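Report on the structure given below.
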Protein chains: 2
Amino acid sequence: MIVDARQSGESARDYAYRILKENIISTELKPGSLVSENETAAKLGLSRTPVREAIYDLAKVSIIETIPQKGSFVALIDPKMVEEARFLRKVLDVAVIRLACQEIDPEILKALEDNIDLQEFYLSKGNAEKIYELDNEFHRLIYVAAHKEIICELKSNMLIHFDRVRSLSVETVRDMKIVADHSGMLAAIKEHDEEKAVALVEKHLSRYHFDEELIRGQFPDYFK
Amino acid sequence: MIVDARQSGESARDYAYRILKENIISTELKPGSLVSENETAAKLGLSRTPVREAIYDLAKVSIIETIPQKGSFVALIDPKMVEEARFLRKVLDVAVIRLACQEIDPEILKALEDNIDLQEFYLSKGNAEKIYELDNEFHRLIYVAAHKEIICELKSNMLIHFDRVRSLSVETVRDMKIVADHSGMLAAIKEHDEEKAVALVEKHLSRYHFDEELIRGQFPDYFK
DNA sequence: CTAGTAATACTTGTCTACAAGTTCATTAAA
DNA sequence: TTTAATGAACTTGTAGACAAGTATTACTAG
């Protein structure tokens, strides 16, 4: 497990959650592997309590399965679960961008514009990691524009299933297209053009195709 | 706080969660009131740990607000939050019933039919509480039909905001209409008629109108 | 050598104790 | 009387111990 430092102001629980989530998405913690509360607590320099809470959070969206008196295990990749995550994201993203098209706060609009400027900057630098972060933030801002922050949070938790298979996929160079998609969405929001925005969201999501057979061929043990 | 007995096979954590949720929805635990971990644990005959975990779960959907070293408080009614819950329910219910219309397992269909028979039975008996339970179960079954169980769970958690204001509303006699709505939805699913089903879902949800001014007039202290 | 059993080393579930911070009431001083 | 300080009684955050259950391993009996 890769453990980076605890950020200032981060509670023990949040710290444990962040580290576990990162390691699950990257499959540094392999699907099916045991995540012991004691062992994790020791590695993070915490007691069991906050670690236990973080594990429980992850279990709530079935990315960890806890079996009483046996252990907590990173869930095997379950195509059904990946589909639930994909479905949730699509349904909510579409519904939320419709709201954003209807009315948007100038401040949020500014934040979206700044975000895209940064995306283009890092695209020219070829910094994929930064684009990944900005991508997440861009979509979150649309939820903020629609005043649906809690829903965004719920979605994020579920998205772990999706992000994990994404991280296993061969990363083709598609950052350019992603940034262009975002640009188009922002334009649609400015023009209050719901249909255009929705079409773009759907196109955008289609770029993250889950090629189950391919990944299953490479990592058969990771699957349910 | 009204505490009924712990069910067999129910973990301490689940028990605490269930009791707290019921008391929050019924406003037996008043908006703004303190929910002390120690006090709750004592009342339920548990230790702090499982109670703490239950409180944390509720805090995740902002129905409880925990302030470190100060306390955990039942959230005041926040119309924004009620709206987020309503929005989530509508968007998901619509998306999910579309899937159910496309394809439905005969077993689930049977369960839906049985459920409606029971609804009609209890309607004739005038048993509102049973209808409430069957109502929840009916909608859950549609999620099961669409293979979206986890999403259903996430929605349920958020719905607490919605259910709480619903429980504060004067209960007009509308059970009849609700049961009829369900009947219509089932028919639409059988006929694979998506548009009809969606129209019914939207009509159905419109019956749960949140009359903010009315409730605010009656319980001004409960609001944010 | 094999089969069964007992010990052991794990796991999570729960409980209790302590640490750190907030609030509020009481008390003492001006 | 008013005001400021102090301490008691709360709160949650974290830590660690014990209980109960499981799986493995080593050992003993046949």
Side-chain angles (χ1 to χ4, degrees), chain A residues 1 3 5-21 23-24 29-76 221, chain B residues 1 3 5-21 23-24 29-76 221:
Chain A
M1 191 165 72
V3 177
R6 181 165 171 188
Q7 293 168 3
S8 71
E10 193 176 36
S11 74
R13 175 201 288 158
D14 292 343
Y15 176 48
Y17 181 84
R18 179 171 64 83
I19 298 298
L20 284 172
K21 178 177 172 179
N23 279 277
I24 289 172
L29 280 174
K30 293 189 174 52
S33 65
L34 173 70
V35 182
S36 159
E37 293 178 3
N38 266 317
E39 188 186 332
T40 306
K43 275 183 184 158
L44 299 183
L46 304 170
S47 79
R48 267 184 68 208
T49 306
V51 171
R52 176 179 168 75
E53 291 170 343
I55 288 177
Y56 179 56
D57 277 357
L58 293 161
K60 283 198 81 171
V61 290
S62 300
I63 192 70
I64 280 186
E65 186 187 10
T66 296
I67 304 172
Q69 275 71 47
K70 276 193 67 177
S72 295
F73 303 89
V74 178
L76 292 170
D221 300 345
Chain B
M1 191 166 71
V3 177
R6 183 165 169 187
Q7 292 168 4
S8 72
E10 192 176 38
S11 74
R13 175 201 288 158
D14 292 343
Y15 176 48
Y17 181 83
R18 180 171 64 81
I19 298 298
L20 284 172
K21 179 177 170 177
N23 280 279
I24 289 173
L29 280 174
K30 294 190 173 50
S33 65
L34 173 70
V35 183
S36 157
E37 293 177 4
N38 266 317
E39 187 186 331
T40 306
K43 276 184 186 159
L44 298 182
L46 304 170
S47 78
R48 267 184 68 208
T49 305
V51 171
R52 176 179 167 75
E53 290 169 344
I55 287 177
Y56 179 55
D57 277 358
L58 292 161
K60 283 198 80 172
V61 290
S62 301
I63 192 69
I64 280 184
E65 185 187 12
T66 296
I67 304 172
Q69 275 73 45
K70 275 193 67 177
S72 294
F73 302 88
V74 178
L76 292 171
D221 298 346

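In what follows, every chain begins at residue 1, and chains take the letters A, B, ... in the order their sequences are listed. From a predicted model like this one, the values you see are computed outputs, not experimental measurements.
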In whole angstrom, give the distance that lies between atom [atom1] of [X] and atom [atom2] of [N].
X: B:Leu44; N: C:dC15; atom1: CG; atom2: P; result: 11 Å
X: A:Ile67; N: D:dA23; atom1: CD1; atom2: C1'; result: 12 Å
X: A:Leu34; N: D:dA23; atom1: CG; atom2: C1'; result: 12 Å
X: B:Phe73; N: D:dC10; atom1: CZ; atom2: P; result: 15 Å
X: B:Glu37; N: D:dT11; atom1: CD; atom2: P; result: 9 Å
X: A:Arg52; N: D:dG13; atom1: CZ; atom2: P; result: 16 Å
X: A:Glu65; N: C:dT11; atom1: CD; atom2: P; result: 17 Å
X: B:Arg48; N: C:dG13; atom1: CZ; atom2: P; result: 18 Å

Report summary line: Of B:Gly71 and A:Pro68, the one whose nearest nucleotide on DNA chain D sits closer to the 5' end is B:Gly71
Query raised in the report: Taking side chain as C-beta onward, heavy atoms only, is B:Arg6 less than 4.5 Å from B:Leu46?
Result: yes
Look at [X] and [N] and indicate whether a side-chain polar atom (N or O) is within less than 4.0 Å of OP1 or OP2.
X: B:Ser72; N: D:dT12; value: yes
X: A:Ser47; N: D:dA15; value: yes
X: A:Lys70; N: C:dC10; value: no
X: B:Arg13; N: C:dT14; value: no

Query raised in the report: Backbone N or O of B:Ile19 within a donor-acceptor pair of the B:Asn23 side chain at under 3.5 Å?
Result: yes
Query raised in the report: Heavy atoms under 4.0 Å, any strand shown: does B:Val35 hit a base, just sugar-phosphate, or nothing?
Result: sugar-phosphate
Query raised in the report: So what does B:Ser36 hit on the nucleic acid, given a heavy-atom distance under 4.0 Å: a base, only sugar-phosphate, or nothing?
Result: sugar-phosphate
Query - Short N-O contact, B:Lys30 and B:Asp221, less than 4.0 angstrom - result: no
Requested in this report: May I ask you to say whether B:Arg13 pairs ionically with B:Asp57, meaning some side-chain N is under 4.0 Å from a carboxylate O?
Outcome: no
Report summary line: Tightest non-hydrogen contact, residues B:Val51 and B:Ala41, listed as CG2-CA, 3.7 Å
Report task. Look at the side chain of A:Gln69 and the base of D:dT22, then say whether one donor and one acceptor between them are separated by less than 3.5 Å. Result -> no
Query raised in the report: 5'-most contact on DNA chain C: B:Glu53 or A:Glu39, nearest heavy atom basis?
Result: A:Glu39
